[in-house]
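Every chain is numbered from 1, with letters handed out A, B, ... down the list of sequences. Just so it is clear, the structure is predicted and the values come from calculations on it, not from any experiment. Heavy-atom basis, side chains included; hydrogens, waters and symmetry copies ignored.
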Amino acid sequence: MTIQVHDSLSRQLRPLQPAEPGRVRMYLCGPTVYSDCHIGHLMGPVLFDAIARWLIARGLQVRFVINITDIDDKIIRRAQESGEDWRAVAERYTEQYFEFLAQLGVTTVTDHPRCTDHVPQMVEFIADLVAKDVAYVAADGVYFDIGRQPGYGKLSGRRVDEMLAGARIEAAVGLRHPADFALWKFAKPGEPSWPSPWGAGRPGWHIECSVMARELLGPRFELHGGGDDLKFPHHENEIAQSEAHGDGFADLWLHNGLAQSGGRKIAKSDPRMKDPEFARQFNARWLVDTFGAPAVRFFLLRGHYRRPIDFDPSNVEAARTGLVRLLERLGPMIEAPEDAAGAAVLDRALSSAELERHRERFCAAMDDDFNTGAAVAELFSIQAVAQGLTGAPRETALRLLRDLGRILGLFRPGDLAALRNAGGAAGDARVEGVVGLALELRQAARAAKDFATADALRDGLTNAGVAVHDGPAGATFELGPDPAGDRLDRLVAALTAIRNAARQRRDFATSDRIRDRLAELGVELRDGPA
RNA sequence: GGUGACGUAGCCAAGUGGUUAGGCAACGGAUUGCAAAUCCGUGAACGCGGGUUCGAUUCCCGCCGUCACCUCCA
């Protein structure tokens with residue numbers, strides 16, 4: 001069993017070979033905590049969490065670091081705008097980020113170093129670069145001299161001389177090369193600062209990763225990850241600094257694809273983001289509330305980490321539907337806590353060649369550059385096998401399904417409830433009350449064999465994203481996602497139509513009942529001539 | 001302009017020189033007052049043009065199209 005990894009630096013599939021057998025160290029670039037969490041912040045953690053889980057399942061010990069950039073120009077600006085202390089801003093968004101990681105089942109991270117906790121080490125690191133003359137002091141800070149670093153540009157495939165032609169690189173005054181980047185920025189009045197031999201200031205963006213990775217993982221480690229957009233300049237600069245420092249740095253580089261919409265990347269500067277309705281779709285809070293955290297995680301793992309993912313709501317919803325099906329198949333089994341017996345799923349005796357084949361293919365997919373999409377397909381196949389079985393063999397198949405899924409961080413206790421409660425209506429008494437009223441009316445209509453009314457009510461509920469399940473014990477309902485956020489309006493519109501029909505045939509008992517019950521629920525109806 | 005990637009059925013998405021990927025949707029049947037849910041089952045694909053080959057969606061060449069990075073970004 002060899003795990004092959006696509007290395008962005010060599011652009012090749014290369015074997016993962018831990019320096020110390022059995023131990024893997026990985027570093028992932030984390031967020032700058034200055035605003036609400038969006039899906040881009042969460043993709044890397046979820047994808048790399050699945051990778052870490054696989055390494056652990058393969059018997060490796062994993063140290064997994066995601067940094068928190070808690071000092072930065074954007075945090076300072078945000079604090080100035082809101083009149084808050086910059087530390088409060090950073091702390092608030094750090095907490096929010098952690099909350100989402102927990103909801104999405106990101107459990108393998110061992111360290112979350114904060115930039116501000118490592119400033120002295122950064123100063124020391126920069127001093128070494130200055131001493132080696134690959135860094136120099138300029139008017140507004142200390143800069144790295146990319147011209148002095150052989151191989152600069154090897155990750156992103158660009159050449160130093162060609163970058164001069166790039167109109168987008170704006171040369172600050174006094175730099176040796178326009179693309180030289182700041183290691184240390186001198187503080188302007190009123191800005192937070194730390195002491196340094198060159199003057200009070202704060203670290204530049206890139207230096208923290210080189211320093212914190214070294215602090216926690218050592219001068220050389222196995223895996224370094226991040227979003228594809230960080231290749232240049234961020235990771236290029238990390239490599240330059242660390243190699244200039246004399247560190248081996250990362251063996252293998254992994255870059256995840258970026259979130260898209262309509263085939264285009266979602267970026268801060270994207271003009272579409274000016275539309276709040278559009279921007280909302282990528283807000284972490286909205287996604288988790290609308291589809292449920294397990295669905296978001298599942299959606300991310302259906303493809304391959306290196307490919308971009310289109311967050312059209314209908315795509316996420318389709319993923320959710322498939323996940324619900326798997327969870328329902330598993331039944332009460334998913335409520336069992338994760339334990340050592342489940343974790344040993346790869347070594348378990350199966351007594352079924354078919355199941356063994358699927359397990360092997362699952363493993364082969366994960367060993368091949370962490371192909372979670374192909375692995376998920378095996379999950380569905382195992383489900384299909386289980387479907388054709390009964391009794392103990394079925395149990396065996398379902399346990400295999402559950403425990404393989406759990407390697408990917410799926411099928412956690414409470415997931416089904418989390419999906420059912422998604423839609424933003426859980427706990428909304430008005431929605432629940434209106435749905436309850438609609439079901440009562442429908443029950444009455446059915447009893448009276450008034451199927452036209454009964455069906456109209458059901459259609460109205462369906463249209464509002466409420467699934468109706470008729471059973472021997474009466475009808476129950478389930479709230480699906482409500483991406484447009486207008487569920488209540490739709491429900492009320494449906495009931496109003498029913499009420500108008502009742503008034504038409506002078507069934508004022510029903511009509512008044514609808515009006516009064518809605519009023520109790522806080523929805524006032526006003527009759528007009530129309 | 002430079003660098004990198006991608007184009008697979010209605011949508012999403014793996015993968016392979018000849019053997020079913022998978023999901024969602026759709027369709028047919030069972031069930032149902034009718035539906036939904038559920039169960040059983042079905043069809044449909046490899047951007048275009050050349051080449052290599054017994055055979056290419058898979059390899060090679062060309063073309064077209066899309067995207068990302070070169071600016072803040074995860």
TODO: Using a heavy-atom cut-off of under 4.0 Å over every strand shown, decide if A:Ala377 touches base, sugar-phosphate, or nothing.
DONE: base
- [ ] Whole angstrom is fine here: how far is it from CD1 in A:Ile382 over to P in B:rG23?
- [x] 13 Å
Open item on the list: Regarding A:Leu301, tell me which of base, sugar-phosphate or nothing describes its non-hydrogen contacts under 4.0 Å with the strands shown.
Closed with: nothing
Where do N or O atoms of nucleotides 38-42 of chain B meet protein N or O atoms at under 3.5 Å, pair by pair?
| from | atom 1 | to | atom 2 | distance (Å) |
| --- | --- | --- | --- | --- |
| B:rU38 | OP1 | A:Arg325 | NE | 3.4 |
| B:rU38 | OP1 | A:Arg325 | NH2 | 3.4 |
| B:rC39 | OP1 | A:Arg329 | NH1 | 2.4 |
| B:rC39 | OP1 | A:Arg329 | NH2 | 2.7 |

- [ ] Check every strand shown and say whether A:Gly303 touches a base, only sugar-phosphate, or nothing at a heavy-atom separation below 4.0 Å.
- [x] sugar-phosphate
TODO: Sequence neighbours left out, what passes ring pair (Phe, Tyr, Trp, His ring centres under 6.0 Å) with A:His38? Give chain and number order.
DONE: A:His41
Close N/O contacts between protein and nucleotides 28-31 of chain B (under 3.5 Å):
none

- [ ] Report which part of the nucleic acid A:Ile39 touches: base, sugar-phosphate, or nothing (heavy-atom distance under 4.0 Å, all strands).
- [x] nothing
Task: Pair of N/O donor and acceptor under 3.5 Å linking B:rC72 base with A:Lys74 side chain - done: no
- [ ] Report which part of the nucleic acid A:Ala467 touches: base, sugar-phosphate, or nothing (heavy-atom distance under 4.0 Å, all strands).
- [x] nothing
TODO: Pick base, sugar-phosphate or nothing for A:Ala319, based on heavy-atom distances below 4.0 Å to the nucleic acid.
DONE: nothing
Open item on the list: Once you apply a heavy-atom cut-off of 4.0 Å, does A:Arg78 come out as touching a base, just sugar-phosphate, or nothing?
Closed with: nothing
Task: Secondary structure of RNA chain B in dot-bracket form (Watson-Crick or G-U wobble, distances below 3.5 Å, | marking inter-strand pairs) - done: (((((((..(((.....[...))).(((((.......)))))....(((((..]....))))))))))))....
TODO: Figure out the CZ/C1' separation between A:Arg77 and B:rC72, and round it to whole Å.
DONE: 9 Å
TODO: Establish whether the base of B:rG2 is bridged to the side chain of A:Arg159 by a donor-acceptor pair shorter than 3.5 Å.
DONE: no
TODO: Sort and list the pairs that fulfil ring pair (Phe, Tyr, Trp, His ring centres under 6.0 Å) and have at least one residue in residues 371-390 of chain A, not counting sequence neighbours.
DONE: none
Task: Polar pair under 3.5 Å, donor/acceptor by atom type, side chain A:Asp470, base B:rA35 - done: yes
Task: Residue-phosphate contact under 4.0 Å: A:His469 side-chain N/O, B:rA37 OP1/OP2 - done: no
TODO: For A:Asp229, report the nucleic acid contact type (base, sugar-phosphate, nothing); a contact means any heavy atom under 4.0 Å.
DONE: base
Open item on the list: Tell me whether the side-chain N/O atoms of A:Arg302 come closer than 4.0 Å to OP1 or OP2 in B:rC12.
Closed with: no
Open item on the list: Between A:Trp286 and A:Phe291 (judged by ring centroids, cut-off 6.0 Å), do the two rings come close enough to count as a pair?
Closed with: yes
Open item on the list: For B:rC69 and A:Lys265 - does any side-chain N or O of the residue sit under 4.0 Å from the phosphate oxygens OP1/OP2?
Closed with: yes
- [ ] Just call it for A:Glu478: base, sugar-phosphate, or nothing, with non-hydrogen atoms closer than 4.0 Å on any strand.
- [x] nothing
TODO: Report which part of the nucleic acid A:Phe380 touches: base, sugar-phosphate, or nothing (heavy-atom distance under 4.0 Å, all strands).
DONE: sugar-phosphate
Open item on the list: Once hydrogens and angles are ignored, does a donor-acceptor distance under 3.5 Å link the base of B:rG15 to the side chain of A:Asn371?
Closed with: no
TODO: Any chance you could list the contact pattern along nucleotides 3-10 of chain B? Use B for base contacts, S for sugar-phosphate-only contacts and - for none, protein heavy atoms under 4.0 Å, 5' to 3'.
DONE: SS-S----
TODO: For A:Asp455, report the nucleic acid contact type (base, sugar-phosphate, nothing); a contact means any heavy atom under 4.0 Å.
DONE: base
